[in-house]
Amino acid sequence: MKNIDSFLNGRDGFTALSDHNARITCMRLFPLSETSLFRSETQRKENVLVTSSCDHSIRLWWKGSCQRCFRGHNGPVLTLSDKLLGDGSAKVLASGGEDGTVRLWSLSSSGKRGQHALKATLYGHEKPIKLMSVAGHRTSLLASISKDSKVRVWDTTTSSAVRSSCCVGMTSVPGAPVDVKCCESLLYVAAGSSVVAIDLRTMQKVITVAIYQPKLCSFAIVPSKPLICTGGIDKAKLWDIRINQETLKPEPVAELDGHTGPVTLLHMDPYKIVTGGPEDSYINVWETDTGAQTNSFICCPSDAASSSSGMGCSAMAVNGTRIVTASHGEDHGLVCFRDFFNATCAVSKREDVLISKFWDPQSYSDGDAYS
């Protein structure tokens, strides 16, 4: 971990969180106030980091050290819920494992070893869990998809005395799962070459939102807009859900062309779309409403890109005006931080618009939800 603000003020140094002894599979940031570590209002804006690993454990980090360790999966832990489950103070974290189980953990329990944190183990999937998302209309509902593209919805408030009693809905989708995201009562599932919307109340497919041949590489959606974006080979595509409700063959409203190789990295908020991939050294930025390109920059220093073959972007995080990219070559890896706080180039072509909302940190912030 590196504190960017401290680094910019001349204070260098990393904090290494090295308690895991195998590959880290997933990272989430959650509010400190939703855990048992919260003590006073002065901590209201602080977050905890939660990581899962192939060492069969989940760890909760705060102030540079491991505060909780959760164990229970009979194999690698592959994914964590995108949000915490439940209302009020008793928040619950969900994890999915290679053992095919979904496990629920109380973040209000005390004790560093987390012995009493495991609330329930949910059985039903036959293959490893790939992705999970918490419903928007009911925060007790959790959607999970396994590597065989079977979708299950769980009511996490139901007693689990019977192994599968928490499962309140099932369906399946064609193709390998790429991503899932809940928006209110709809679950958007990107798998294979299509994105479908499933009504969590009926478990029926409502609409095929996008079809991207030969396959999808990434998917993003903005809940406040009827738009989704999909990444494929050499380009991304922007789709309008309203238009595609009326047709059996969805068509994109814009093609975000200009990449080399698969577009596996995709961020979308109400103002901008940021795209990148492992075979392309450039990051492209687009306007959300129109798909018009507004910026392009190299994800690593130009001298490193020219001297390292295959230097592409392997990871990306976006928070308001801040963009962090991680690159890798044959010999080394690089992490680059950019802050476009002072950028004033307007997205809009209207002459009376002086500053674009695209870079305005007061207009929109992703919060601290990096993944």
Side-chain angles (χ1 to χ4, degrees), residues 131 133 136 145 149 151 173-184 186-199 204-280 282-297 299 312-313 316 318 323 347-349 356-358 364 366 371:
L131 299 156
S133 185
I145 185 169
S149 299
V151 179
V173 294
V178 174
D179 205 350
V180 295
K181 184 66 177 178
C182 288
C183 292
E184 295 305 321
L186 293 179
L187 171 66
Y188 292 88
V189 181
S193 60
S194 64
V195 180
V196 298
I198 298 169
D199 191 329
Q204 297 298 309
K205 186 180 81 171
V206 178
I207 180 178
T208 298
V209 183
I211 297 177
Y212 198 145
Q213 299 289 352
K215 68 174 183 177
L216 291 169
C217 299
S218 55
F219 161 72
I221 187 170
V222 178
S224 60
K225 289 179 179 286
L227 298 170
I228 71 164
C229 190
T230 57
I233 305 299
D234 298 335
K235 68 179 71 174
K237 293 182 180 181
L238 184 65
W239 310 78
D240 190 318
I241 299 172
R242 297 167 302 182
I243 296 174
N244 292 332
Q245 283 179 335
E246 303 171 0
T247 177
L248 295 176
K249 186 179 180 181
E251 296 290 341
V253 295
E255 293 195 358
L256 286 50
D257 203 352
H259 278 290
T260 299
V263 179
T264 56
L265 304 172
L266 181 56
H267 164 86
M268 189 179 189
D269 64 43
Y271 305 109
K272 63 184 177 294
I273 298 168
V274 188
T275 56
E279 298 177 14
D280 197 336
Y282 281 88
I283 299 295
N284 292 329
V285 189
W286 322 78
E287 186 181 21
T288 295
D289 287 334
T290 65
Q293 187 169 357
T294 59
N295 201 352
S296 181
F297 58 87
C299 66
C313 191
M316 178 178 73
V318 183
I323 299 179
V347 169
S348 174
K349 295 181 179 179
S356 168
K357 288 181 178 180
F358 173 87
Y364 178 79
D366 297 312
S371 61

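Worth saying up front: this structure is predicted, and the values here are computed from it rather than measured. Positions are given from 1, in the same order as the sequence printed here. For the numbers below, each heavy atom of this structure counts, side chains included, while hydrogens, waters and symmetry mates do not.
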* Can you find a heavy atom in the side chain of Trp239 that is under 4.5 Å from one in the side chain of Pro250? -> yes
Asp234 meets the side-chain hydrogen bond (donor to acceptor under 3.5 Å, both in side chains) criterion, sequence neighbours left out, with none
With sequence neighbours left out, the residues meeting side-chain contact (heavy atoms from CB on, under 4.5 Å) with Ser194 are Val196, Thr208, Ile211
Anything under 3.5 Å between a donor and an acceptor, one on a side chain of residues 254-264, the other on a protein residue two or more places apart or in another chain? List them.
from, atom 1, to, atom 2, distance (Å)
Glu255, OE1, Lys235, NZ, 2.9
His259, ND1, Asp280, OD2, 3.0
His259, NE2, Thr275, OG1, 2.7
His259, NE2, Asn284, ND2, 3.3

Sorted by chain and number, sequence neighbours left out, side-chain contact (heavy atoms from CB on, under 4.5 Å) with Ala176 holds for none
Residues 205-217 vs salt bridge (charged side-chain N to carboxylate O under 4.0 Å, His left out), sequence neighbours excluded, gives none
By side-chain contact (heavy atoms from CB on, under 4.5 Å), Val209 pairs with (sequence neighbours left out) Tyr188, Val195, Ala197, Ile207, Ile228, Ile241
Compare all side-chain heavy atoms of Val180 with those of Leu187 and state whether any distance is below 4.5 angstrom.
-> yes
>> Less than 4.5 Å apart, side chain to side chain, heavy atoms only: is that true for Lys272 and Asn295?
In response: no
Shortest non-hydrogen pair, Thr294 vs Glu287, comes out as CG2-N, 4.0 Å
Sorted by chain and residue number, the side-chain contact (heavy atoms from CB on, under 4.5 Å) partners of Leu265 (sequence neighbours excluded) come out as Cys313, Met316
Across all chains, not counting sequence neighbours, the salt bridge (Lys or Arg N to Asp or Glu O under 4.0 Å) partners of Asp179 are none
Shortest non-hydrogen pair, Gly276 vs Ile283, comes out as CA-CD1, 3.9 Å
side-chain hydrogen bond (donor to acceptor under 3.5 Å, both in side chains) with Lys225: of Asp269, Asp240, Asp289, only one passes, and it is Asp289
Sequence neighbours excluded, the answer for side-chain hydrogen bond (donor to acceptor under 3.5 Å, both in side chains) partners of Ser149 is none
Self-check item: Test item: Phe297 and Ile323 side chains (from C-beta on) under 4.5 Å apart, heavy atoms
Solution: yes
Start with the C-alpha gap between Thr230 and Ser218, add the side-chain angles, then the distance that decides, and say whether side chain to side chain contact (heavy atoms under 4.5 Å, CB included) holds. CA-CA 6 Å; Thr230 57; Ser218 55; over 6 Å; no
